[in-house]
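Report on the structure given below.
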Amino acid sequence: MRPTQAPFPATRLRRTRQSPAIRGMVRQNTLTVDDFIWPIFVRSGEGIEEPIPSMPGVVRRSVDKVVEAAREAADLGIPAICIFPYTGLEDRTEDCAGAWDPENNANRAIRAIKQAVPELAIMTDVALDTYNINGHDGFVENGEIVNDRSVEALVKMALSQAEAGADIIGPSDMMDGRIGAIRQALEGAGHQNVMILSYAAKYASAFYGPFRDAVGASGALTGDKKTYQMDPANSDEALRLIERDLAEGADMVMVKPGLPYLDICRRVKDTFGAPTFAYQVSGEYAMIEAASANGWIDHDRVMMESLMAFKRAGCDGILTYFAPAAARLLAQRST
Ligand code: PBG
């Protein structure tokens with residue numbers, strides 16, 4: 001129930017906006033470095049930081065450079081990073097066996113970071129698209145993205161990540177039943193403390209374009225992901241997916257993309273009260289970078305405003321490529 005307000009002039013809403021001190025006092029939401037998960041891209045080689053043209057300022061790093069980035073993240077106070085592997089067309093296969101290879105670049109990076117920067121939490125990506133010859137998140141049989149056989153592979157992938165030392169498993173594949181299957185496998189293998197942050201409400205979005213360049217999936221992808229990722233026109237279905245994944249053992253849930261789906265974030269938080277994350281995806285990042293490179297918007301202010309929007313919408317945290325830049329700004333402000 002909303003208490004009634006006195007009419008003007010007894011109520012002047014500008015009174016509480018009159019100075020920085022008063023604005024700070026009445027401010028409802030705050031953004032801190034604790035809110036960030038930083039997605040980074042790993043590739044093979046050594047000493048490599050390879051720019052991604054559609055994501056200015058973001059690079060693919062060899063494992064040694066990923067460790068340096070992890071150190072940087074921890075020094076900035078960023079609590080977690082999320083590792084995505086780049087795989088060239090030549091290394092992609094139909095059986096996706098690279099996905100659960102203990103020696104794949106992602107698993108090598110996890111072990112190296114755990115050794116060098118143990119205080120940093122490591123999140124992973126569970127989906128076949130970064131290894132699949134056709135760029136899909138599950139196996140393709142006669143043109144169909146099959147569910148149950150894909151889940152078996154995803155379980156193997158998740159287990160290999162947990163073995164490597166991952167703290168948070170991030171299934172981004174949108175197959176049915178994978179959260180329960182992964183949870184059961186983790187429990188069975190003695191990984192009781194490994195968390196699952198489910199990409200529960202993930203939409204079939206054109207905002208993922210630059211990410212697919214980053215992981216080498218753009219050239220590989222045949223068709224679209226609409227039979228497993230959500231229709232952008234739906235919102236009730238998002239709640240059913242979140243409810244299902246929580247019931248199967250997800251510790252945290254995610255809405256993806258971010259800014260265009262803040263209504264979903266709010267509904268999810270209000271309905272379930274579970275730890276709720278949003279992914280400010282590659283296309284969102286690219287738009288802000290492009291517009292500010294043209295001098296059309298103020299980069300830092302738009303970056304911080306966009307991140308605050310997630311807090312206002314009820315999110316507990318944000319996966320964002322801006323994490324280090326935003327962390328630096330926040331640190332400057334507090335000194
Ligand atoms: C794939 C995956 C995608 C993203 C994260 N994991 C792309 C997709 O579903 O095609 C997108 C992230 C971004 O755009 O920043 N499983």
Side-chain angles (χ1 to χ4, degrees), residues 36-42 52-60 80-87 92 96 98-99 104 106 123-140 145 147 150-151 153-154 157-158 161 166 168-175 178-179 182 196-232 241 253-261 277-290 303 306-307 310 318-323:
F36 301 145
I37 298 176
W38 182 23
I40 58 175
F41 299 103
V42 59
I52 301 157
S54 53
M55 299 182 75
V58 177
V59 297
R60 302 182 187 115
I81 59 170
C82 182
I83 296 174
F84 291 97
Y86 162 83
T87 313
R92 291 168 169 268
C96 303
N104 69 27
M123 176 173 166
T124 64
D125 181 56
V126 177
L128 300 184
D129 62 324
T130 41
Y131 299 92
N132 208 340
I133 188 97
N134 49 54
H136 278 290
D137 293 18
F139 290 123
V140 183
I145 291 89
N147 195 86
S150 300
V151 171
L154 297 166
M157 185 176 188
Q161 296 167 349
I168 305 167
I169 303 294
S172 69
D173 55 282
M174 288 295 279
M175 298 298 121
R178 90 277 204 218
I179 300 300
I182 291 171
I196 299 177
L197 200 177
S198 171
Y199 289 60
K202 176 171 175 180
Y203 287 84
S205 173
F207 285 96
Y208 308 150
F211 172 96
R212 291 178 189 168
D213 298 340
V215 298
S218 299
L221 186 63
T222 51
D224 58 49
K225 300 192 175 185
K226 292 180 184 170
T227 68
Y228 47 107
Q229 299 180 349
M230 276 183 68
D231 182 343
L241 285 162
V253 291
M254 190 202 295
V255 174
K256 178 180 174 198
L259 277 196
Y261 295 84
F277 290 77
Y279 198 141
Q280 182 178 49
V281 300
S282 56
E284 301 176 63
Y285 173 86
M287 289 195 302
I288 293 174
E289 289 295 321
M303 170 176 77
S306 70
L307 293 168
F310 292 104
I318 310 133
L319 284 94
T320 176
Y321 302 99
F322 288 125

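Whatever order the structure lists them in is the order used to number ligands and atoms, beginning at 1.
Near Asp129, the atoms of ligand 1 lying under 4.0 angstrom from a non-hydrogen atom of the residue are 1 (C), 2 (C), 16 (N). Residue Gln229 approaches ligand 1 through these ligand atoms, each under 4.0 Å from one of its heavy atoms: 8 (C), 9 (O). Interface atoms of ligand 1 facing Tyr321, defined by a heavy-atom separation under 4.0 Å, are 12 (C), 13 (C), 15 (O). Every atom of ligand 1 is numbered from 1 in the order shown, and the set under 4.0 Å from a heavy atom of Ala127 is 16 (N). Below 4.0 Å from some heavy atom of Lys202 lie the following atoms of ligand 1, by number and element: 1 (C), 2 (C), 3 (C), 6 (N), 8 (C), 9 (O), 16 (N). For ligand 1 and Asp125, the ligand atoms under 4.0 Å from any heavy atom of the residue are 6 (N). Heavy-atom proximity to Lys225, at under 4.0 Å, picks out these atoms of ligand 1: 8 (C), 9 (O), 10 (O). Close approach of ligand 1 to Tyr279 (heavy-atom distance below 4.0 Å) involves ligand atoms 12 (C), 15 (O).
Residue contacts with ligand 1 for Thr130 are absent, since no atom lies close enough (heavy atoms, distance under 4.0 Å).
Distances shorter than 4.0 angstrom occur between a heavy atom of Asp137 and an atom of ligand 1. Not close to ligand 1: Met174, with no non-hydrogen atom less than 4.0 angstrom away. Note on ligand 1: Tyr285 sits outside its first shell, no heavy atom being nearer than 4.0 Å.
Between the side chains of Thr222 and Asn134, no donor N or O sits under 3.5 Å from an acceptor N or O. Between the side chains of Ser306 and Glu284, no donor-acceptor pair of N or O atoms lies under 3.5 Å.
Using cut-offs of 30° and 60° for the angle between ring planes, the Phe41 and Phe84 rings count as tilted.
A salt bridge is absent between Lys226 and Asp231; no separation between the charged side-chain nitrogens and carboxylate oxygens falls under 4.0 Å. Salt bridge status for Lys202 with Asp173: absent, with no side-chain N to carboxylate O gap under 4.0 Å.
The nearest non-hydrogen atom to atom 10 (O) of ligand 1, considering only Glu284, Lys256, Arg212, comes from Arg212.
Between the side chain of Tyr228 and the backbone N or O of Asp137, at least one donor-acceptor pair lies under 3.5 Å.
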